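Worksheet for the structure shown next.
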Amino acid sequence: MKTEWDYTTLANAYLKRPDYSSPAINAMLSIAGLKSGAVCDIGAGVAHLTLMLAARGFDVTAVEPNNAMRANGIKRTASLPNVRWFEGTGEQTGQTSQSFNMVTFGSSFNVCDRQVALKETARILRPNGWFACMWNHRQLDDPIQDRIESIIKALVPGYGYGTRRENQTTVIEDSGLFGPVVHVDASVVHEQSIEECVEAWRSHATLARQAGLNFPTVVQTIEDYLKGLGQDTIRIPYFTNIWVAQLV
């Protein structure tokens, strides 16, 4: 399925992206009062969030527009009978109305027309169902991450994070479709080899879009810096940020 942003060349690198914080996911489900049921994971990518939801016993419908990303996700969940995959987008999921207890967007809400996606979410949710969107945000006050930010900003003038680092509360409230928005965050630290970390940077779509033809140079400069640290692995601190709201 053709979309405005093509993730085909990033699909394998996405396998090295970090998982979300388990305590944050548990808090999200606790707020919604859900221990089982049907969840539609939109923009499921290579199944990071899909796997976490399936492991908690939910029946997960994973919706992903990109063929290469979806193929990786299907491969990773092939042994799970409670996961099904479909081609679709946040604006057009292709799912039946009033089918799900929860609809999730794991690092994908920012690549949608958010108001259209919220209307589609409301359509496929059951009465009193729940919406959630989330991202992992690197803790930029960490010395290594601070240096990486300096590299990026030196090579990509005017670099910005886009809507993925914004507070999503107003966008959700403006739809008029959901009740009070609850924000959840929890820290999570991932330890990666230098090679894995560099591969994860190759999946950074926001950076790739803004760097353009300079993207390989940016990644190479980050790689040179990390290898210069003289260590095999690094610890990368993140916050998992989740916004949760109930359909009204």
Side-chain angles (χ1 to χ4, degrees), residues 1 7 10-90 92-112 117 120-121 123-126 128-136 182 184-186 188-190 192 196 200 203 238 240-247:
M1 176 178 285
Y7 283 75
L10 308 178
N12 289 335
Y14 253 79
L15 295 169
K16 300 300 183 182
R17 292 290 285 268
D19 287 327
Y20 301 101
S21 160
S22 285
I25 298 299
N26 291 339
M28 172 191 80
L29 296 172
S30 177
I31 289 167
L34 293 175
K35 295 182 178 180
S36 62
V39 178
C40 185
D41 185 24
I42 297 177
V46 300
H48 286 300
L49 179 57
T50 300
L51 284 165
M52 298 184 80
L53 293 168
R56 286 162 172 77
F58 290 89
D59 293 317
V60 186
T61 295
V63 174
E64 168 57 44
N66 182 269
N67 292 340
M69 296 276 272
R70 193 170 61 255
N72 278 341
I74 289 171
K75 185 176 181 179
R76 295 181 77 198
T77 59
S79 65
L80 301 178
N82 57 331
V83 176
R84 302 180 303 155
W85 286 84
F86 292 89
E87 183 177 4
T89 66
Q92 293 183 312
T93 63
Q95 302 304 305
T96 304
S97 297
Q98 297 189 5
S99 296
F100 300 100
N101 302 99
M102 174 172 269
V103 172
T104 58
F105 290 76
S107 302
S108 58
F109 193 47
N110 58 304
V111 298
C112 300
E120 175 69 351
T121 294
R123 183 186 70 80
I124 65 176
L125 277 175
R126 292 170 181 164
N128 302 313
W130 290 82
F131 160 88
C133 62
M134 69 196 71
W135 292 267
N136 274 338
V182 180
V184 174
D185 69 80
V188 58
V189 177
H190 292 274
Q192 288 185 316
E196 288 173 334
S203 75
Y238 291 87
T240 295
N241 281 279
I242 307 178
W243 286 265
V244 191
Q246 188 174 29
L247 186 67

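Basis for what follows: all heavy atoms, side chains included, without hydrogens, waters or symmetry-related copies. From a predicted model like this one, the values you see are computed outputs, not experimental measurements.
Proximity of Lys75 to Arg70: side-chain heavy atoms (C-beta onward) are nowhere separated by under 4.5 Å. Residues Leu51 and Leu80 are in side-chain contact: their nearest non-hydrogen atoms beyond the backbone lie under 4.5 Å apart. Counting heavy atoms from C-beta outward, Tyr20 and Ser107 have side chains that approach closer than 4.5 Å. The shortest side-chain heavy-atom distance between Val184 and Trp243 does not fall under the 4.5 Å cut-off. Residues Asn241 and Met134 form no side-chain contact, since every pair of their non-hydrogen atoms from C-beta on lies 4.5 Å or further apart. Looking at Thr240 and Asp185, their side chains never come closer than 4.5 Å, going by heavy atoms from C-beta outward. Annotation: side chain of Phe100 is not in contact with side chain of Trp130 (no heavy-atom distance under 4.5 Å). Put simply, the side chain of Thr104 does not reach to within 4.5 Å of the side chain of Phe131, judged on heavy atoms.
Side-chain atoms of Arg84 never come within 3.5 Å of backbone atoms of Val60 as a donor-acceptor pair (strictly under, hydrogens ignored). When atom types are taken as modelled, the side chain of Arg17 and the backbone of Ser203 share a donor-acceptor pair closer than 3.5 angstrom. Judged by distance alone, with hydrogens and angles left aside, the side-chain atoms of Thr96 form no donor-acceptor pair with the main-chain N or O of Ser99 at under 3.5 Å. For the pair Gln246 (side chain) and Asn128 (backbone), a donor-acceptor distance under 3.5 Å is present. Within the 3.5 Å criterion, the main-chain N or O of Gln95 finds a donor-acceptor partner in the side chain of Arg123. Checking side-chain atoms of Thr93 against main-chain N and O of Thr89 turns up no donor-acceptor pair under 3.5 Å. Between the Asn101 side chain and the Gly37 main chain, no donor and acceptor come within less than 3.5 Å of each other. A donor-acceptor contact shorter than 3.5 Å is absent between the side chain of Asp41 and the backbone of Ala44.
Closest heavy-atom contact between Met28 and Ala132: SD-CB, 3.6 Å. A pairwise comparison of heavy atoms in Asn82 and Phe58 identifies ND2-O, 2.8 Å as the closest pair. Shortest non-hydrogen contact noted between Arg126 and Ala38 is NH2-CB, 4.3 Å. Smallest separation of non-hydrogen atoms from Gln192 and Glu196: CA-OE1, 3.6 Å. Annotation for Ser21 and Asn136: closest pair N-OD1, 4.5 Å, computed over non-hydrogen atoms.
Of the inter-residue distances, the one linking Asn72 atom CG with Asn67 atom CG reads 11.5 Å to the nearest 0.5 angstrom. A distance of 9.0 Å separates CD in Glu64 from OG1 in Thr50, rounded to the nearest 0.5 Å. Note: Arg56 CZ to Ser22 OG = 4.5 Å, rounded to the nearest 0.5 Å. The CG atom of Leu53 sits 6.5 Å away from the CG atom of Leu29 when rounded to the nearest 0.5 Å. Cys40 contributes atom SG, which lies 12.0 Å from atom CE of Met102 (distance to the nearest 0.5 angstrom). Between Ser108 atom OG and Leu49 atom CG the span is 8.5 Å, to the nearest 0.5 Å.
A side-chain donor from one of Thr77 and Trp85 sits under 3.5 Å from a side-chain acceptor of the other.
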Checklist entry - Are Asp59 and Val39 close enough, and set up right, to give a side-chain contact (heavy atoms from CB on, under 4.5 Å), and what steps lead you there? => result CA-CA 6 Å; Asp59 293 317; Val39 178; over 6 Å; no
Next on the checklist: Quick one, Trp135 with Asn110, criterion side-chain contact (heavy atoms from CB on, under 4.5 Å). Give me CA distance, side-chain angles, the key distance, then yes/no.
Outcome noted: CA-CA 9 Å; Trp135 292 267; Asn110 58 304; 2.9 Å; yes
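Classified by interplanar angle (parallel below 30°, tilted 30° to 60°, perpendicular above 60°), the ring pair Tyr238/His190 is perpendicular.
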